[in-house]
Amino acid sequence: MVRVTTPGVRLLPNAITVLALCAGLSSVQFALTGNYAMAIGSIGIAAVLDSLDGRIARLLDATSKMGAELDSLSDGISFGVAPALVLYIWQAHGDRIGWVASLIFAVCMILRLARFNTLLDDTDQPAYAAEFFVGVPAPAGGLVAMLPLIATLQWGEGWWSEQYVVLVWTIAVAALLISRIPTLSLKTVKAPAKAIAPLLVGVGLLAAAIIVFPLVALAVALVLYLLHIPYSVYRHRWLAAHPEAWEVPPRERRAIRRARSHRRLRLRPASGRVAGAAMRAVRRTNSDLVRSRNLRERDHSSATSGPTQRRRSWRRIGIRRR
């Protein structure tokens, strides 16, 4: 069945992208007037709108080449140019070194988006590559760069608001943007049916925290995002080393991981709950355990009862041993 979309519906994703662009640019205007809380909020709104435009375009079957290019340009301005200018206005005070750090951040953001567009056309990537971003994505990078400003607005001046700390932090986030570090992509995360109710409760609690303590909630979310990077690297390496888990559901992946860990610990895994690729992994584990146990029993029997068995074998065949 071919889905027919009207021109007005096809315009909706691009309109959301333009709104995200306007929100990102508005953060610079708020920073010029000294309203840094609204500057951070504008970049946050741009990040929310950026996460919606692509999904809405796919749901409405309204994807286009122009929409993809417009989205990249909007991300470059909203999460590259705007955060760099906000940090420069807040902390640099016309200092040349601060301007250099802002330029580095904006350039790294543009390079990160250019690499992202080229990877979309790469068909040689493994199946698990769609579950990860290469480097920190643009919306997360733009918000993480604002973390010193968020901490200053919430807790006042401190070591995190020193100029050299802000400069080093800005350059470090810029390095994360263009790095090859894998980070998890929420686009491929699937929640089981029994986890929907707890997730909805968590969304309600998160909304309440954002309303009551917006800066604290945003700071905690950004810190948790940074802390997830080591796990993302571990998961990427584990998937690269286990091709049998590339195209299986998450439940079977967990079963394969348990089977591998049980084999390292010399334990017998429970094979009644696994299927498919996980079952094959468990069978290989069980066969290895049985083979090693048989070898140990044979070595033990040959070392302890070898002469007795030879005397019995002579007596059984009726030949007197000299």
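Checking side-chain atoms of Ser232 against main-chain N and O of Pro182 turns up a donor-acceptor pair under 3.5 Å. Between the side chain of Arg115 and the backbone N or O of Val134 there is at least one donor-acceptor pair closer than 3.5 Å. The main-chain N or O of Gly135 is found under 3.5 Å from a side-chain atom of Thr183 such that the two form a donor-acceptor pair. Of the possible polar contacts, one joining the Ser78 side chain to the Ser74 backbone as a donor-acceptor pair under 3.5 Å is found. Trp160 contributes no side-chain N or O that, together with a main-chain N or O of Ile150, makes up a donor-acceptor pair within less than 3.5 Å.
Two residues are said to be in side-chain contact when any heavy atoms from C-beta on lie closer than 4.5 Å; Leu103 and Tyr88 fail this criterion. The shortest distance between side-chain heavy atoms of Met146 and Leu218 does not fall below 4.5 Å. In this structure the side chain of Glu131 reaches within 4.5 angstrom of the side chain of Leu239, judged on heavy atoms. Within the 4.5 Å cutoff, side-chain heavy atoms of Leu176 are placed close to those of Ile181. You'll find the side chain of Ile40 stays beyond 4.5 Å of the side chain of Phe30, heavy atoms only. Arg55 has its side chain out of reach of Pro13: every pair of non-hydrogen atoms, C-beta onward, lies at least 4.5 Å apart. Residues Gln154 and Phe213 fail the side-chain proximity criterion, which asks for heavy atoms closer than 4.5 Å. Taking the side chain as every heavy atom from C-beta outward, Asp50 and Phe79 approach each other to under 4.5 Å.
In this structure, CH2 in Trp90 is found 15.0 Å from CG in Leu85, a value given to the nearest 0.5 Å. The CG atom of Leu113 sits 11.5 Å away from atom SG of Cys108, with the distance rounded to the nearest 0.5 Å. Note that OG of Ser26 is 10.5 Å distant from CD1 of Ile43, once rounded to the nearest 0.5 Å. Note that CG of Asp75 is 9.5 Å distant from CG of Leu70, once rounded to the nearest 0.5 Å. Atom CG of Asn117 sits about 6.0 Å away from atom CD of Glu69, to the nearest 0.5 Å.
Ring orientation note: the planes of Phe116 and Phe133 are tilted relative to one another, at an angle of 30° to 60°.
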Ile45 and Leu49: side-chain contact (heavy atoms from CB on, under 4.5 Å), yes or no, with the steps? CA-CA 6 Å; Ile45 292 173; Leu49 294 175; 4.0 Å; yes
List the steps, then state whether side-chain contact (heavy atoms from CB on, under 4.5 Å) holds for Thr152 with Tyr36. CA-CA 10 Å; Thr152 302; Tyr36 294 107; over 6 Å; no
For Ile77 and Leu25: C-alpha separation, side-chain torsions, deciding distance, then whether side-chain contact (heavy atoms from CB on, under 4.5 Å) applies. CA-CA 7 Å; Ile77 295 175; Leu25 281 176; 3.5 Å; yes
Candidate pair Thr17 and Leu21, rule side-chain contact (heavy atoms from CB on, under 4.5 Å), full reasoning: CA-CA 6 Å; Thr17 304; Leu21 173 61; 5.9 Å; no
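Hydrophobic cluster membership differs between Ile110 and Val144, with clusters built from Ile, Leu, Val, Met, Phe, Trp and Tyr side chains linked at under 4.5 angstrom. Transitive grouping of hydrophobic side chains (ILVMFWY, heavy atoms separated by less than 4.5 Å) brings Phe132 and Trp238 into a common cluster.
Taking every heavy atom of both residues into account, Thr170 and Ala101 meet most closely at CG2-O, 3.9 Å.
Atom CD1 of Ile97 sits in a sparse spot, with 12 or fewer heavy atoms from other residues, nucleotides or ligands closer than 6.0 Å.
Ring centroids of His228 and Tyr231 are separated by 6.0 Å or more, keeping the two rings apart.
Of the candidates Leu226, Leu227, Val220, Leu227 is the only one forming a side-chain contact (heavy atoms from CB on, under 4.5 Å) with Val223.
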